[in-house]
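No hydrogens, no waters, no symmetry mates; every other heavy atom, side chains included, goes into these values.
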Number of protein chains: 2
Amino acid sequence: MVTIRDVAREAGVSVASASRALNQNPNVTPETRARIQDAARRLRYIPHEGARSLTRRRCDAIGVVLPDLFGEYFSELVRGIDRVAHASGLQLLLSNMHGSPHETATAIRAMRGRVDGLLVMSPEGDGSHLHDALPHGLPAVLLNDDHTHGEASAVGIDNEGGARAITEHLVAQGYRRIAHIAGPRHNRDARQRQQGFVDAIAATIGERGPVIVPGDFTEAGGAEAARLLIAGRVPFDAIFCANDMMALGCMAVLEDAGLAIPDDVGVAGFDDIPLAGYASPPLTTMKVHIDELGAHAMTILLARMRDDGAAPTTHILAPTLVARASTARVKFDYRTPSRTHVATEGN
Amino acid sequence: MVTIRDVAREAGVSVASASRALNQNPNVTPETRARIQDAARRLRYIPHEGARSLTRRRCDAIGVVLPDLFGEYFSELVRGIDRVAHASGLQLLLSNMHGSPHETATAIRAMRGRVDGLLVMSPEGDGSHLHDALPHGLPAVLLNDDHTHGEASAVGIDNEGGARAITEHLVAQGYRRIAHIAGPRHNRDARQRQQGFVDAIAATIGERGPVIVPGDFTEAGGAEAARLLIAGRVPFDAIFCANDMMALGCMAVLEDAGLAIPDDVGVAGFDDIPLAGYASPPLTTMKVHIDELGAHAMTILLARMRDDGAAPTTHILAPTLVARASTARVKFDYRTPSRTHVATEGN
DNA sequence: CTGAAAGCGCTTACAG
DNA sequence: CTGAAAGCGCTTACAG
């Protein structure tokens with residue numbers, strides 16, 4: 001491949017001059033600059049960014065380490081991150097830790113010397129295991145975490161508050177026997193959402209031990225949990241799923257079982273992925289502004305990269321309730337008002 | 001930040017020995033190796049990958065340049081790429097060209113010296129403009145292109161064949177006045193799908209100038225096109241949309257207008273994004289095996305990276321028909337067989 | 001087995 | 001304005 005030495009030789013100047021001309025440095029006469037640029041064009045010279053960043057001590061890139069790259073959730077997250085990063089002329093180096101805590105450390109280490117900052121989302125554990133992996137001196141922001149670790153800032157979601165809000169919505173709709181399909185046991189979001197649910201049930205209905213079925217954040221897991229619920233003896237008239245994908249799987253099973261949504265059973269999710277609005281009936285959920293989460297985290301990272309002396313901070317974003325037909329037993333069931341009545345009687 | 005010199009000093013050896021010990025090189029006595037590894041651990045040393053790749057002349061990373069990072073399509077594509085890349089221990093450096101042909105060149109150049117290979121998807125133009133931007137000597141594979149450019153291989157989709165197949169399906173279902181909502185004018189996929197549609201209509205129905213409404217691959221664009229169709233005087237009993245997102249927007253408008261799908265109007269899309277199966281009614285579409293497209297391209301790139309003397313190749317993947325309820329006027333309308341009859345009479 | 005040296009491709013003080 | 005030199009952090013022949 002052609003290097004800056006080739007360009008310098010072709011133009012009859014030193015590599016120093018070539019570098020200056022190619023980098024818009026003013027200390028070059030127009031003539032030599034033109035000669036150098038011509039040579040570069042003729043040789044189809046493209047600078048080696050790896051070498052550049054080694055000497056410039058900056059990469060103009062930021063690393064993003066995620067548990068997965070797939071699905072609407074991460075897609076939106078990356079979109080938000082990219083919006084801010086691109087505006088600052090930064091490239092994104094994405095890394096997939098494939099859900100493995102061990103690979104997280106590997107992925108983070110592989111970023112050293114390639115990026116100027118790091119965005120990390122590690123949904124399991126308390127984040128202290130990240131402390132060892134994070135390169136000392138590299139600005140970092142934890143995504144979806146609710147407190148800082150070492151020098152890393154954090155941007156999180158108010159999962160507990162969100163879970164409380166949607167549970168209260170179910171209660172307000174008249175549902176009284178509300179079950180919860182939880183997320184993965186070690187997942188931080190899942191635990192917090194479950195906690196918010198339990199608290200809200202206790203505060204509103206006064207029930208101390210609501211039904212909680214384990215789940216795994218997948219559509220199949222939601223379906224399986226719904227089957228368990230139906231097979232069990234405990235009656236229920238609503239299900240709050242810890243995320244939307246499970247709610248979708250859950251709804252399919254309920255309908256197959258002949259249960260009408262929202263009349264026999266109300267269903268609510270969490271996240272508001274695009275699919276949620278297309279489900280039939282459309283799914284009530286807590287909208288997590290995922291792209292804003294990403295954009296916000298990136299903005300904070302930029303600030304830290306400029307001033308790395310600043311103390312790490314924590315930001316918590318509030319999700320918002322999106323009430324749709326899947327829980328519209330009382331107020332929102334504009335489509336089949338008669339059936340609402342029947343169902344209410346039926347329960 | 002701590003460098004290998006710090007480790008060497010701490011362990012009382014030369015940087016050469018430190019490097020060897022840290023890279024599992026056998027030429028180190030167990031004792032010195034242990035001493036060096038201890039020092040590295042104590043200092044929390046993490047190697048500078050940028051410097052490593054400069055001397056090793058390889059980055060263990062591959063660059064992916066896409067028109068956008070958002071949406072299910074790219075999400076699945078990246079998933080497929082990552083599956084293969086990860087198995088080979090390669091990182092992914094993603095770049096978003098934000099739909100701009102100009103930014104494509106910038107994004108590609110920025111990859112020089114950071115990656116060992118390049119995957120590029122540039123949906124507009126004929127790909128020859130890429131020729132100038134692709135660094136000479138860097139293995140590259142074009143995604144979604146149907147012929148090679150320079151040294152770059154290509155992996156494409158049989159859009160024409162797919163469009164013909166789904167058009168024939170509509171005809172087989174009894175639809176006779178089939179309109180097409182096209183994709184962006186300069187988009188290669190869109191043009192090929194339109195061509196396949198036109199050919200199939202001519203071959204089956206004998207119609208030479210079927211109705212074609214411009215679109216833009218977005219949901220809003222599909223809705224707008226559907227409104228145009230309804231407002232126009234030309235009768236239609238089916239719509240083949242150039243992609244699924246437009247089909248979704250299209251269906252919403254049709255239903256609002258009181259048209260029953262599939263009885264009054266059949267609707268078909270292209271891509272089979274996950275949303276397609278969730279639409280009501282579920283959408284008939286051509287499944288493009290997007291993740292396989294990505295995995296396939298990555299596999300080819302790996303082969304090129306091993307043997308860069310090989311001649312560039314072209315691979316075309318065939319999409320498969322997924323018949324769902326949105327076109328089930330004749331055979332698949334298991335839900336409302338009576339209405340099928342009515343609708344057929346009605347037309 | 002170990003170390004001194006060269007070099008990867010670039011940029012940037014430092015002289016002139 | 002221009003060039004020679006040092007250096008970014010590493011690896012790898014080359015000697016010993």
Residue-phosphate contact under 4.0 Å: [X] side-chain N/O, [N] OP1/OP2:
X     : N     : result
A:T29 : D:dT2 : yes
B:T3  : D:dC8 : no
B:R57 : C:dC8 : no

Starting at [atom1] of [X] and ending at [atom2] of [N], how long is that distance when rounded to a whole Å?
X     : N      : atom1 : atom2 : answer
B:N27 : D:dA15 : CG    : P     : 17 Å
A:R35 : D:dC1  : CZ    : C1'   : 12 Å
B:M1  : D:dC8  : CE    : C1'   : 13 Å
A:L54 : D:dC8  : CG    : C1'   : 4 Å
B:D60 : D:dC10 : CG    : P     : 16 Å
B:D6  : D:dC10 : CG    : C1'   : 13 Å
A:I4  : D:dG3  : CD1   : P     : 13 Å
B:R56 : C:dG9  : CZ    : P     : 15 Å

Inset, instruction - May I ask you to test the B:T148-B:T313 pair for a side-chain heavy-atom distance under 4.5 Å? - result: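 Sidechains of B:T313 and B:T148: no contact.
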
Inset, instruction - Can you sort out which residues in residues 109-118 of chain A have a heavy atom within less than 4.0 Å of DNA chain C? Ascending by number, please. - result: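 Within this stretch, nothing sits under 4.0 Å of the strand.
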
Legend entry - Donor + acceptor pair across side chains of A:Q192, A:D146 (<3.5 Å):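 A:D146 and A:Q192 do have a side-chain donor-acceptor pair below 3.5 Å.
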
Legend entry - Residue pair A:N23 / A:R52, side-chain donor-acceptor N/O under 3.5 Å: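 Yes.
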
Check this for me: does any side-chain nitrogen of one of [X] and [Y] sit under 4.0 Å from a carboxylate oxygen of the other?
X     : Y     : result
A:D60 : A:R58 : yes
B:R41 : B:D38 : yes
A:E76 : A:R79 : no

Inset, instruction - Quick one: label B:S53 by what it contacts on the DNA or RNA (base, sugar-phosphate, nothing), any heavy atom closer than 4.0 Å. - result: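 It contacts nothing in the nucleic acid.
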
Inset, instruction - Check DNA chain D against residues 11-25 of chain A and give the residues with a non-hydrogen atom under 4.0 Å, in numerical order. - result: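 Residues of residues 11-25 of chain A under 4.0 Å from DNA chain D: A:V13, A:S14, A:A16, A:S17, A:R20.
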
Inset, instruction - Name every residue in residues 41-50 of chain A that has at least one heavy atom under 4.0 Å from any atom of DNA chain D, in order of residue number, or write none if there are no such residues. - result: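 Going residue by residue through residues 41-50 of chain A, none turns out to have a heavy atom under 4.0 Å of DNA chain D.
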
Legend entry - Heavy-atom donor-acceptor pair, A:R191 side chain to A:R185 backbone, under 3.5 Å: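 Yes, because the side chain of A:R191 sits within donor-acceptor range (under 3.5 Å) of the backbone of A:R185.
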
Legend entry - Under 3.5 Å donor-acceptor, A:R33 side chain and A:N25 backbone: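 Here the side-chain-to-backbone pair exists.
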
Legend entry - Secondary-structure notation, DNA chain C, from Watson-Crick and G-U pairs under 3.5 angstrom (| other strand): |||.||||||||.|||

Legend entry - Whether B:H86 and A:H98 hold their rings parallel, tilted or perpendicular, with breakpoints at 30° and 60°: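 Plane angle between 30° and 60°, so tilted.
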
Legend entry - Residue from A:V84, A:L293, A:V155 passing side-chain contact (heavy atoms from CB on, under 4.5 Å) with A:M298: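 Result: among A:V84, A:L293, A:V155, A:V84 is the only option passing the side-chain contact (heavy atoms from CB on, under 4.5 Å) with A:M298.
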
Legend entry - Residue that, paired with B:L118, satisfies side-chain contact (heavy atoms from CB on, under 4.5 Å) out of B:V141, B:L93, B:I108: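 When B:V141, B:L93, B:I108 are each tested with B:L118, the side-chain contact (heavy atoms from CB on, under 4.5 Å) holds only for B:I108.
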
Inset, instruction - Provide the closest heavy-atom pair for B:V115 versus B:G63 in the form atom of the first, atom of the second, distance. - result: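 It is CG1-N, 3.4 Å.
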
Inset, instruction - Tell me, please, which residues at least two apart from B:H289 pass ring pair (Phe, Tyr, Trp, His ring centres under 6.0 Å). - result: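 Once residues adjacent in sequence are excluded, B:H289 has no partner under the ring pair (Phe, Tyr, Trp, His ring centres under 6.0 Å) criterion.
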
Inset, instruction - Would you kindly compare B:T32 and B:T55 by the position of their nearest DNA chain C nucleotide and give the one closer to the 5′ end? - result: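 Upstream on the strand: B:T32.
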
Inset, instruction - For B:D6, enumerate each residue passing the side-chain contact (heavy atoms from CB on, under 4.5 Å) test, keeping only those at least two apart in sequence or located in another chain. - result: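 Residues passing side-chain contact (heavy atoms from CB on, under 4.5 Å) with B:D6: B:V2, B:T3, B:R9, B:L43.
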
